[in-house]
Enquirer: 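Have a look at this one before I ask anything.
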2 protein chains.
Amino acid sequence: MHESDDGNLSRRDFLGAGVTAAAAVNLLPGTALAGDGSKADRMIGVPFASRDVVRIGLIGVGGRGRSLLRDLLAIDGVRVTALCDLVPAHAARGAEMVKEAGQPTAPAVFDGSDRVWERLVARDDLDIVYIATPWNWHVPMAVGAMRQGKHAAVEVPAATTLDDCWTLVNVSEKTRRHCIMLENCCYGYNELLVLNLVKAGKLGRLTHGECAYIHDLRELLLSDEGEGLWRRYPHLQLDGNLYPTHGLGPVANYMAINRGDRFDYLVSMSSLEAGLTEYRDEHLALSDPKRQERYRTGDMNTSLIKTALGRTVMLQHDVVSPRPYSRINMISGTRGTFADYPARIMIEGQPEGDAWAGLDNYQAAFESPLWKRMGEIARKLGGHGGMDFIMNYRLVQCLREGLVPDMDVYDAAAWSAPGPLSVLSVRQGSKPVDVPDFTRGAWRTARPVMG
Amino acid sequence: MHESDDGNLSRRDFLGAGVTAAAAVNLLPGTALAGDGSKADRMIGVPFASRDVVRIGLIGVGGRGRSLLRDLLAIDGVRVTALCDLVPAHAARGAEMVKEAGQPTAPAVFDGSDRVWERLVARDDLDIVYIATPWNWHVPMAVGAMRQGKHAAVEVPAATTLDDCWTLVNVSEKTRRHCIMLENCCYGYNELLVLNLVKAGKLGRLTHGECAYIHDLRELLLSDEGEGLWRRYPHLQLDGNLYPTHGLGPVANYMAINRGDRFDYLVSMSSLEAGLTEYRDEHLALSDPKRQERYRTGDMNTSLIKTALGRTVMLQHDVVSPRPYSRINMISGTRGTFADYPARIMIEGQPEGDAWAGLDNYQAAFESPLWKRMGEIARKLGGHGGMDFIMNYRLVQCLREGLVPDMDVYDAAAWSAPGPLSVLSVRQGSKPVDVPDFTRGAWRTARPVMG
């Protein structure tokens with residue numbers, strides 16, 4: 001790491017600033033730079049330094065990590081130089097994939113202990129650290145990477161507490177390193193097409209959006225392997241929306257959140273818990289220790305978010321009901337409405353009249369150039385229908401060409417915060433709670449959405 | 001009116017109780033009978049007196065009134081004995097319809113003034129008064145009818161303030177006359193079929209429902225005739241859900257609200273107002289006085305209701321966005337989920353796997369007997385796809401056979417109250433507001449839903 005990644009801070013400068021960076025992490029939420037107000041401190045609109053080759057380290061080589069790795073290895077200009085996983089077999093499998101992809105050198109491999117990732121982020125041959133680990137590791141690892149001068153690309157949700165949201169913002173600003181949440185759904189085919197329709201004003205003035213993570217995970221949550229090893233635990237502790245970003249990211253983009261609007265306040269309501277307990281009692285033996293667990297997360301959590309411009313967002317979370325998958329992905333304005341699952345659109349004056357029509361009519365004119373160019377390989381690799389590849393391709397493109405990343409630490413914080421905020425509101429009988437302004441006022445400035 | 005309609009109160013008794021009934025109307029909400037607690041005071045489970053012929057008076061012979069009238073005239077045992085409308089031409093048209101239907105005697109006709117309906121409800125040849133007038137007339141007319149010893153069948157919403165909800169409850173209890181809200185959507189083909197699925201436990205333990213009134217009414221609201229003459233005015237005054245019952249009634253039935261569960265509290269959030277103003281400015285001349293109006297109702301209002309048993313209901317209202325019509329009509333439990341627009345269902349273990357399937361599989365076993373028997377004529381008459389006829393047929397059936405009506409005054413109040421409650425919550429920045437228990441504790445007793 002010998003370059004000055006954003007032109008302001010050399011590695012030497014960064015190391016010198018290490019104490020300050022560390023201190024910032026421990027400052028009270030919102031107070032760190034609140035009085036400062038200078039735009040220079042924000043990580044808004046800060047381009048990457050351009051480079052031919054992007055050197056990537058990956059922490060977490062489980063199912064999700066390997067899927068990301070497969071994408072990255074298919075992208076020109078990527079060198080995967082280091083891998084880390086608690087489980088040696090996972091790390092070894094990743095190293096094999098790197099070798100099979102014909103990368104010029106074998107990656108450094110770190111495994112076997114909880115803190116071994118610290119050796120990965122400390123290496124000199126990395127530009128960005130991908131983090132695909134259990135939720136509770138996202139913030140320490142992203143912070144660790146940034147404090148070691150690397151950009152962080154972290155799986156969703158980036159953070160699960162408000163303090164941690166602020167920590168990511170403060171560390172990103174102090175270290176001048178980007179913290180990008182890998183919100184793949186922002187790169188879905190429909191999501192990018194609809195974003196273009198919104199930008200072109202086809203839906204008129206936006207008023208309302210809806211989004212969700214509705215995904216029957218009962219079998220996974222109660223499994224004794226993979227994500228079952230950790231993903232059930234929040235259900236024992238928290239009642240609220242445990243996983244807000246897949247739905248919220250795309251709707252936030254339609255509404256240009258942090259780019260002219262912002263989430264202002266939120267109310268949240270959870271239904272009773274029934275689904276996971278019922279499924280557990282039906283499928284697990286009486287002797288299974290999980291039969292002693294008490295789940296607190298209500299089956300359906302619905303949150304309402306009001307934005308500064310007066311728009312509303314309806315955000316849901318249900319991972320324990322027998323329902324087909326949906327992120328809803330709906331956006332409505334004075335001229336039209338789009339909703340997904342299945343994709344359907346109505347724009348005033350359309351030939352189909354006042355009825356839903358397909359997106360096909362708008363494909364030619366509004367399809368994302370990313371999908372036009374890379375759609376074939378994306379669909380072939382197939383991670384979540386190709387959106388994963390488009391996301392990874394685009395992030396590598398931004399790093400190589402020295403562009404401003406599509407999503408920054410303020411997005412990571414604003415899209416993750418409704419998780420803990422929903423818990424807070426539910427605990428208080430659905431009282432409204434304020435969404436912090438992680439941009440400290442900079443949201444007022446309009447700027448491009450997704451490049 | 002010489003019969004004792006519920007076996008407890010003759011007309012003489014009722015007239016004697018007139019002063020008490022009038023006083024009850026003016027008591028503070030919730031205090032009238034709160035200390036009483038005796039079940040006899042409730043109008044829960046109170047059957048009609050049986051009769052061969054049902055004598056009906058109709059107040060409001062506009063578009064909606066004539067549609068109801070056409071249905072009623074097609075039902076055996078109905079005599080329409082009186083009609084009333086402010087507009088003489090409307091009343092005359094109704095009288096013509098009665099004549100054309102071959103009814104034995106011409107109806108008494110009242111028209112031309114605001115209070116002429118009081119002469120209709122005072123007549124002796126009526127069992128029930130249908131009320132299809134602008135919203136602000138529903139409560140005075142229903143109260144007037146009940147105080148004159150008639151049952152009231154009132155269009156939706158039954159009431160638009162909490163005080164008026166309580167007034168309907170208090171007057172119904174004191175007069176021993178039913179106040180039935182004509183919530184036709186409860187009788188929709190899908191609604192009744194899904195209710196049977198729910199009753200049979202096919203969706204498991206219920207957790208969450210969703211409903212709405214999403215109907216692009218911009219042209220109607222800005223029209224200079226019909227409902228345009230009055231239905232726009234609440235948009236000048238209130239920000240909230242102006243029309244909650246079409247969506248909420250069926251979901252309340254799925255959840256057996258007032259029959260083992262009840263609405264406990266509510267939060268509500270409105271988007272900015274944009275749609276009606278934009279449409280108005282585009283379609284009306286600068287000289288039109290409506291160009292001076294300022295609309296306060298946010299384009300999309302979303303409310304969340306928590307029930308005593310911990311279920312949640314998401315309730316929406318949007319009448320000014322270019323969107324296809326929807327009441328959502330969704331209900332979810334631990335074994336399955338149904339959603340409408342279009343109708344789709346997933347029940348765990350179904351042959352189609354974890355995907356939406358059609359309702360067809362369940363038609364034979366779960367179709368409502370009402371639709372089986374009367375579906376053909378209902379569809380031919382066609383009011384809202386036939387649901388209107390089924391509702392009217394069923395109400396007449398209950399009156400003729402001396403049954404307990406499907407919907408009582410507590411339903412009218414509980415389904416209407418989220419209107420004013422949403423306004424209250426929105427005004428307070430989405431704070432939670434309690435839903436009154438109009439049953440004064442009697443909701444705890446399970447009893448049949450819709451007969």
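In the text below, chain A, chain B and the rest are named by the order of the sequence lines, each starting its count at 1. Since the structure is predicted, the reported quantities are computational estimates derived from the model, not experimental observations.
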Enquirer: Heavy-atom pairs under 4.5 Å with chain A: which of Tyr279(B), Tyr265(B), Tyr325(B) has the most?
Expert: Tyr265(B)
Enquirer: At what distance, to the nearest 0.5 angstrom, does NE2 of His208(B) lie from CZ of Arg323(A)?
Expert: 7.0 Å
Enquirer: Pick whichever of Pro432(A), Gly333(A), Ser268(A), Gly298(A) has the most heavy-atom pairs under 4.5 Å with chain B.
Expert: Pro432(A)
Enquirer: Is it the backbone or the side chain of Ala355(A) that comes under 4.5 Å from a heavy atom of chain B, or both, or neither?
Expert: backbone
Enquirer: Tabulate, in ascending numerical order, the residues of residues 338-353 of chain A having at least one heavy atom closer than 4.5 Å to a heavy atom of chain B, or enter 'none'.
Expert: Met346(A), Glu348(A)
Enquirer: Non-hydrogen atoms of chain A under 4.5 Å away: do they reach the side chain of Thr307(B), the backbone, both or neither?
Expert: neither
Enquirer: Does Lys290(B) NZ have over 12 foreign heavy atoms under 6.0 Å away?
Expert: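 For Lys290(B), atom NZ is crowded (more than 12 foreign heavy atoms under 6.0 Å).
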Enquirer: Among the options Leu276(B), Asp318(B), Thr302(B), pick out the one with the most heavy-atom pairs lying under 4.5 Å from chain A.
Expert: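 Winner by heavy-atom pair count: Thr302(B).
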Enquirer: Select one option (side chain, backbone, both, neither) describing which atoms of Ile305(B) are under 4.5 Å from chain A's heavy atoms.
Expert: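 It is the backbone, since no side chain atom gets that close.
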Enquirer: So do the side chains of Asp299(A) and Thr334(B) get within less than 4.5 Å of each other, counting heavy atoms only?
Expert: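 In contact.
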Enquirer: Which atom names give the shortest non-hydrogen contact between Val267(A) and Met269(B), and what distance separates them?
Expert: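 Looking at all heavy atoms of both residues, the closest pair is CG2-CE, 4.2 Å.
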Enquirer: Are there residues of residues 421-430 of chain B whose heavy atoms fall under 4.5 Å of chain A's heavy atoms? If so, which?
Expert: Gly429(B), Ser430(B)
Enquirer: Name the option with the most non-hydrogen atom pairs under 4.5 Å to chain A; the candidates are Lys306(B), Arg335(B), Met314(B).
Expert: Arg335(B)
Enquirer: Against chain A, label Ser332(B) side chain, backbone, both or neither, depending on which of its atoms sit under 4.5 Å from a heavy atom there.
Expert: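 Interface part for Ser332(B): side chain.
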Enquirer: By a 4.5 Å heavy-atom criterion (distance strictly below it), what part of Ile214(A) contacts chain B: side chain, backbone, both, or neither?
Expert: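 The answer is neither part of Ile214(A).
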Enquirer: For atom NZ of Lys199(A), decide whether the heavy atoms of other residues, nucleotides or ligands shown that lie under 6.0 angstrom number more than 12.
Expert: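 Enclosed.
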Enquirer: Between Gly275(B), Ala274(B), Ser321(B), which residue shows the highest count of heavy-atom pairs closer than 4.5 Å to chain A?
Expert: Ala274(B)
Enquirer: Which heavy atom of Pro322(B) sits nearest a heavy atom of Thr337(A), and at what distance?
Expert: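 Scanning both residues completely, I find the closest heavy atoms to be O-OG1, 3.8 Å.
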Enquirer: Should we count CG of Asp354(B) as having more than 12 external heavy atoms under 6.0 Å?
Expert: no
